[in-house]
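This report concerns only the one structure given below.
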Amino acid sequence: MFGMLGRNDPRELAAVFVGGALGTLARALLSHYLAVAPGHWPWPTFAVNIVGAFLLGYFTTRLLERLPVSSYRRPLLGTGLCGGLTTFSTMQVETVGMVEHGYWGLAAGYTAASVALGLLAVAVATAMVRRVRVRG
């Protein structure tokens, strides 16, 4: 993504920064206002990860297959926004917390549902983009 041999485009880096800041802010606000205890389903993290997977599938397919090449859209939307919005690390911390408190079934279900629905979200978004006819 970033230039070869250390030649980074400052505008591309700025796009990643802006997108990441927006995604992280959205996730942080949801986590703050919808915090849950270890024995409960962590809806904020689950929701942002599934929505983020959907958006990543949508943006990636649309930007690569439907729109003219741009140096800044993918870093802004894919790497930045989706990277800041989604959080595999928080999912892992929540899963470990569930296990440590004895909620093995919840931890297994949360992990399985996150992976399965994340993959499904990417597939659905990709299919949606590809289904729309290209005007020409």
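Worth knowing before you read on, the calculation uses all heavy atoms, side chains too, and leaves out hydrogens, waters and symmetry mates. This chain uses plain numbering: 1 for the first residue, then up along the sequence.
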Any M98 side-chain heavy atom under 4.5 Å of Y110 side chain: yes
Of the options L55, V51, N49, which is the one that meets T86 in a side chain to side chain contact (heavy atoms under 4.5 Å, CB included)? N49
Single-linkage hydrophobic cluster, 4.5 Å side-chain cutoff, L120 and F54 together: yes
About how many Å separate CD of E94 and OG of S31, when rounded to the nearest 0.5 Å? 7.0 Å
Side chain R27, main chain V48, donor-acceptor under 3.5 Å: no
Closest approach of G118 and A53, non-hydrogen atoms and distance? O-CB, 3.5 Å
Taking side-chain hydrogen bond (donor to acceptor under 3.5 Å, both in side chains) as the test, write out the residues that go with R131, two or more places apart. none
Donor on one side chain, acceptor on other, E12 and Y72, under 3.5 Å: no
Nearest 0.5 angstrom please: F46 CZ to T87 OG1, how far? 14.5 Å
Could you go through V124 and M128, starting from their C-alpha distance and side-chain angles, then the distance that decides it, and tell me whether this counts as side chain to side chain contact (heavy atoms under 4.5 Å, CB included)? CA-CA 6 Å; V124 167; M128 283 176 56; 4.1 Å; yes
Can you list every side-chain hydrogen bond (donor to acceptor under 3.5 Å, both in side chains) pair that touches residues 119-128, not counting sequence neighbours? T61-T126
With rounding to the nearest 0.5 Å, note down the distance linking CG in L85 to OG1 in T24. 8.5 Å
Result of checking L81, L13, D9, V16 against P75 for side chain to side chain contact (heavy atoms under 4.5 Å, CB included): V16
Sequence-distant partners of T111, side chain to side chain contact (heavy atoms under 4.5 Å, CB included), two or more places apart: M91, T95
Look up atom OH in Y103 and atom CH2 in W41, then write down how far apart they are to the nearest 0.5 Å. 15.0 Å
Determine whether more than 12 heavy atoms belonging to other residues, nucleotides or ligands lie under 6.0 Å from atom OH of Y58. no
Do H32 side-chain atoms and A28 backbone N/O form a donor-acceptor pair below 3.5 Å? no
To the nearest 0.5 Å, what is the distance between OG on S114 and CD on Q92? 9.0 Å
Taken to the nearest 0.5 Å, the spacing of R130 CZ from R62 CZ works out to 13.5 Å
